[in-house]
Structure formats: structure tokens, C-alpha cells
There are 2 protein chains.
Amino acid sequence: MSTASLVFSGKGPVAEATGDRVRAAASELGFTGPNPLASSLRHGRSGAIGVLVEGRLRMAFRDPFAIAVLDGLAEVLEAVPTGMLLIGQPAGTSESVIPQLAPLALDAVVFSLCGPGDNPAVEHLAARGIPMFSTGVPGDRRITQVRIDERAAGVAVAEHIRELGHRRVAHVAMPLLPTSTAGPVPDAEVRPGEANVPSVGRLLGFRDVFGPDAPAVQTGDGSSFEGGRIAGRALLDVPEQERPTAIVTQSDVIAAGVIVAAEELGLRVPDDLSVTGFDGVDLPWLPHRITTMDQQGREKGRLLGTLVRRRLDGTRPRSVTQPVLLRVGTTTAPPP
Amino acid sequence: MSTASLVFSGKGPVAEATGDRVRAAASELGFTGPNPLASSLRHGRSGAIGVLVEGRLRMAFRDPFAIAVLDGLAEVLEAVPTGMLLIGQPAGTSESVIPQLAPLALDAVVFSLCGPGDNPAVEHLAARGIPMFSTGVPGDRRITQVRIDERAAGVAVAEHIRELGHRRVAHVAMPLLPTSTAGPVPDAEVRPGEANVPSVGRLLGFRDVFGPDAPAVQTGDGSSFEGGRIAGRALLDVPEQERPTAIVTQSDVIAAGVIVAAEELGLRVPDDLSVTGFDGVDLPWLPHRITTMDQQGREKGRLLGTLVRRRLDGTRPRSVTQPVLLRVGTTTAPPP
DNA sequence: GTTTCGAGTCGAATCGATTCGAAGACGTCC
DNA sequence: GGACGTCTTCGAATCGATTCGACTCGAAAC
């Protein structure tokens, strides 16, 4: 019955009596509301946006910044209401995401838990005409971005350290390429044209201040505590005169790893070593407030959600660049 | 064209030439494969299962055990392929989940990030005939469960502590009810009939060993580091002769909070204080291996995923109870 | 030469809600 | 009484893939 549709959607004019009759029949037949699939087919909207997660879920969700972004996103989308469909993309099998993506009805896709590098999903989604959003990577032009000026942010943190008087300063980066392995950053991987990639841009900013020869290592697994600890140990477990007096890292979680590594070697933070992070996340278990660039992840996620909504409402929002704020904590001080 | 369907699905017999012709026409018209919505409507399957998340996403995702379960679940579902649709259910507005759920096409729903208490979503989903799964709560009979014997597990941890010689032992529980607030556990909230609720069952097991008067406090916010730290401070910041020599907690994250609180008060773990956790998760930033009941979250998630798949294949799997394993770490020792 | 068989193709019905336009009921005004 | 309007209701078409059954045609069997 077509009138039933009017009754349930509450749209068309329906006489009181007819409405009651329809509702009675509905409960009689155990009808629990319109079938979402049929409704979606008609409207061409599924009410779900995809969230692409690179690597194992547990790894991606270990990054509190990514969670904060997702949290803000959920906050905005809940109101629509639109669900978030998690799509795992195990590392090393990037092509396999296509058959996984193809049968899914998505109104938009957000890349918020993805690393650097090209993603085959972009091509597929572009062909299907599904709007794409990201927080920096992948940097494809077809993707609406909510980004920050990574290089300028990198410069700002480095300047803070420089102004405190530090001269022997090292850098701990997230992987510059998807294929990067833990250890010193090879020059070939630092491509100035890719300054929009967070790991590359932040490193470039650091080198803008401390010169192209300032030591830099990268973790092999993104923004991780263990990666930070290993990198920290490598940089700090050397004779004192070679040891850096400050370490600039690309994420708060990495910074936490470096701080713990320093304390394990008997160094005090910030007296013997200054450490900076990036992101501005909350690490309640760390007995320091990290000096960091606050990216306001939740706010970023909310903005992302707003752009998605606008796009689904028909307008075509442009990429935006958000400001970041240096937040000085208890992990930086003048050199000893 | 009906033949096109055969070509794309690769099911029916199609002549080579026709197949090529269809593919040519498809790429001509920019056809990127069958419309998932229409396909879903026909099959009555959406290819998505719902994951209900209670409270803000960032809070739920702060629990590494929940993440581990989700990770195992994703691992199994990726292969089908089936996506996981995150559905937020902000605390205090539990009814508002219905209009959010109603327009979503879901093949099944997993409650894995939910607290104790009744959930209005259960009634709605049951009416729609959507299969439900959970890891203990809600305990509705219509939900297929993958649970553990909470009370027996609680007994096992407590016995370990008792056998080490501890007599003054306190307990830190997760909230026993959705409305519980941080502080001492009121007797009215401990209902023996609810032993399947993790927080209740574990506390009952603890009291089976240490008696009904053993002190117990609960956090106000589930399994959280801050909750553990606050509870730890409350229990430990007292004259030495009243201070417990061991604290049994209901999660590793809470245990970590208690340990940090103890160290902040100048107590050494395990020399001055033994602490046990629950779950068996990996906390790389903690310089201890917590003595814990290993629930093998990832394995649990994988099993959950397998049950979901079976259910979607037509069989009707029964609830299962999994074994747990006491894993002794570096946080328990005889009393001083 | 006729029948039988099977591979390949296509038309039509189906999934269930939505929407457009037509038709019916009823009232008012000339 | 007839023309015209408004308020409701309903039939039919639509969204796009899938599937069942019917149909065609050529080859093999008798």
C-alpha cells in the first residue's frame, strides 16, 4: 500500500482514521517499519560512510589522535543519522581492498587512519563517484582535505626548541613511505614535493630550522609507543658528548616512547633532555604534559563530519587548512 | 540487461563474445559494477553488521580489550566480506539509539563495547529479527553469547593472591550498574543473579574467597586508567596498618591506574603492594607485566566473527563459554 | 529427415519503499 | 444542477540487480 508509506514517513496528508487503520494492520502483521534496503535503493543513499583503516584495527586504534578524529566525526554524523562503516585494509595487500569495497553501498569515504602512499581504493571510489575526504593522506586532488600546514608546524616546534638554546637536536619521524623501515631516514625518502604528507612535511620543517644534516630516524610502524622507545634508545644510548639535548618527534605517542626510553637510561626529562610531541592528545598514564603542536583531533573530526554532511546536501566544499597551536608542557627546558 | 548480471557475477553460462561485448559496453557507459544497494535489496543482505558502542567513541576505544575483540572480529569478517558499522549510543540517551538504528540495514549486531544494564536496542532488533551477539552484556536470552565464567575467573585470581599469603585485600570493580558512581560498592548493587555481568561476577568471585566484607570500590567510568588511579589513591592513601597489601582489579587498565597511584605514593609494586588485572591486554608503556586473567580478546573476537558467519549461513549457533587462563606477571608477590 | 538435447540469450517478475499523477469524495458558489 | 476546489486515497511506474522460465539455434543421435 502506498498510503502506508505516507503514514510511516509522516509526509503526505493522511486522515486520522486511515492512519490508525494502517498502524493497526502494521502491528498485526509484525511490520517493524520500512525496509531500510528498499528505502535506500529508492533514495540512492545508504546512510553509511566508509572509514578506511590501514593495517590491523588494533594498530590503527592504538593511535589516540586517530580515535579523537573519529570521535568528532561520529559526533556530527550521529545527528544525521549516518553510520560509520569500518573497512580494514591489511598492510601489504592493498589491492585486496577493492573486492571488499565494491559490494558496499557508501555515501562517502573518509581516509583518516591511513598512512602515506597511493591507495588503490582512491581510483575505485573516484570511478564510482563516491565523495572522498581525508586529513592529509592520500593527497589526491579528488579528495576533500582537512589539513594543517605540516611544514610550518614542524618549523614552529623546532623554533621553540632552538629558542630554548638547544643545538644538538634529533628528530623521530613516522614512516616517510609505506615501505619505510625503522632506522635513519634515507635522503631519497625526503621529497620536498610531498610536504603535505605529515611525516615528510614535519621533517622538512624540522630541517628548515636545524639544517639538512640534523639526525633523523623513523619508526617502522607509524605513530607507536614501541617505535618511539626503540628510536629513543638508539638516539640516546651513546656517549654523552654525542647525545642530543633535545628530541623533536612527530607524535605524542612517539614522544612518550622516547621519554620512557630516556628515563630507562637514567636521563631526566626535561632537565637532561627536552622532548616534543605532535597532535595534542591526552595520555593520562604519562606523568608529564608533553610540549606539543595541538591539532585538536576532535575538532578536526567534527569539521570533517560537517564537510561530509554539506557534500551530501549537494554543495561541494573545498579543502581547508586548519591552524595549529604550540602548547608548551613540562617536557621542554633549556639544555643542561 | 539480464545477461550483464551473469557476466559480472560470473555465474551463468555466457559465450566469450557476448561477455566481451557486455564488458565493452559497460566501460563505455562508465559502469563500475552492480549497484550494491539494488543487489542487497534482492538478496536481503546488506553486507554490514552493526557494532554498538556505548558512550563516546573515544572512551570505548580507550579500552584495549574491546579493541582486541573488534580486531579479531574484523579479521574474520574481512574474508566474507562484511563491513562493521559503528553505532554510537551516547550514555544517558539510550532511547535515542532506536531512530538511529531503524533506517540501517544490518545483517547482525554485536554488542561488544557496551556496559551493563538493559539496552533498548535489544527489543528493537529482536522485533526486526536481526541476530544479536555479545560478549556477556546485555545478558538477554535472544543474544548469542561468547562469554567466560566471570565468577570462577574472579575466584581464580583471588585464590592466587590468597595463596601468596595476603589477608588485607581490596577490590576495584568496573561500574556494577549503568548508573553507578565512583566510590565504595553499595551492597544493593551486588546482585548474585547477575553473575554473568562481568563487573558483578568478578566481584562475587572475589568475595567468595575473601568474604562478603572485603572492601570494594568501583570506578565511575568503566575500564579506565583514571578510574583506577583515583580508586587506587583512595584505597592506599591511608595509615599503613589499614592499607591493603594487595588489590584485585577487574581490568588491566584499571590495574595500571592502581599501580601508578601506588608508585606516586612511594609504594613499590610488587614488594609493598601486589596488584592484579583482568583481560590480558598489552600495555607497552607500563614497566610491569601485570598478573592477569587472560581472556584472549582477539581470539574471542575471531570466535564471535565465526559465530556471526555461521548464523548468516543459516545455522543457529549456541552461546559458548570460553576458558580463561591465569597469567602470573611481575605485579604479585608475597606480602611484605 | 526428424527428434532430442543443451548451451546461450532474453523477457518478465521480484525484492519493498517511494513518488507522481489521476481519480474519487465532498463542499461551495454561481 | 453544474463547474470548480480541496482533501484523501490509490494505482502504476521507478530505483537496479537478480533469477526463473521460456525461447532460439545449432549439433548430435536415431
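We name chains A, B, ... by the order of the sequence lines, and we start the count at 1 in each one.
- Between the side chain of B:Asp107 and the backbone N or O of B:Arg45 there is no donor-acceptor pair closer than 3.5 Å.
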Enumerate, atom names and distances included, each donor-acceptor pair closer than 3.5 Å involving a side-chain atom of residues 130-138 of chain B, sequence neighbours excluded.
unit_1: B:Ser134; atom_1: OG; unit_2: B:Gly136; atom_2: N; d: 3.2
unit_1: B:Ser134; atom_1: OG; unit_2: B:Gln145; atom_2: OE1; d: 2.7

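- Distance A:Asn35 CG to D:dG16 C1': 15 Å, rounded to the nearest Å.
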- Item | Pairing pattern in dot-bracket form [Watson-Crick, G-U; both distances under 3.5 Å; | = partner strand] for DNA chain D | ||||||||||||||||||||||||||||||

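- In the set D:dA17, D:dT19, C:dA17, the nucleotide with an atom closest to the side chain of A:Arg42 is C:dA17.
- At the phosphate of C:dT18, OP1 or OP2 sits under 4.0 Å from a side-chain N or O atom of A:Ser39.
- Residue contacts for B:Pro34: at a heavy-atom cut-off of 4.0 Å it reaches the sugar-phosphate backbone alone, with no base atom in range.
- Nearest heavy atoms, B:Ile98 versus B:His124: CD1-CB, 3.6 Å.
- Nearest heavy atom pair, residue B:Ile67 against residue A:Arg58, reads CG2-CA, 3.6 Å.
- In this structure, B:Arg45 places its CZ atom 16 Å from C1' of D:dT18, rounding to the nearest Å.
- As rounded to whole Å, 17 Å separates atom P of C:dG16 from atom NE2 of A:His43.
- Among C:dC15, C:dC10, D:dT18, the nucleotide with an atom closest to any side-chain atom of B:Ser5 is D:dT18.
- Atom CG of A:Asp118 has 12 or fewer neighbouring heavy atoms from other residues, nucleotides or ligands inside a 6.0 Å radius.
- Of all nucleotides listed (D:dT8, D:dG16, C:dG11), C:dG11 comes nearest to the side chain of B:Ser2.
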- Item | B:Arg62/B:Arg56 under side-chain contact (heavy atoms from CB on, under 4.5 Å): CA gap, chis, key distance, verdict | CA-CA 10 Å; B:Arg62 206 166 262 186; B:Arg56 298 224 51 75; over 6 Å; no

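- When the nucleotides D:dT18, C:dA17, C:dT19 are ranked by their closest atom to the side chain of A:Ala38, C:dA17 comes out on top.
- Rounded to an integer number of Å, the gap from B:Phe31 CZ to D:dG16 P is 10 Å.
- Rounded to a whole Å, the CG atom of B:Leu41 is 12 Å from the P atom of D:dT19.
- Contact check on B:Arg142 versus B:Glu123 returns a salt bridge, with a Lys/Arg side-chain nitrogen under 4.0 Å from an Asp/Glu carboxylate oxygen.
- As a whole-Å value, the separation of B:Leu37 CG from D:dT18 P is 12 Å.
- Taking for each of A:Leu6 and B:Val14 the nucleotide of DNA chain C with the nearest heavy atom, the 5'-most of the two is the partner of B:Val14.
- Checking C:dC10, D:dG16, D:dT19 against every side-chain atom of B:Thr3, the shortest atom distance belongs to C:dC10.
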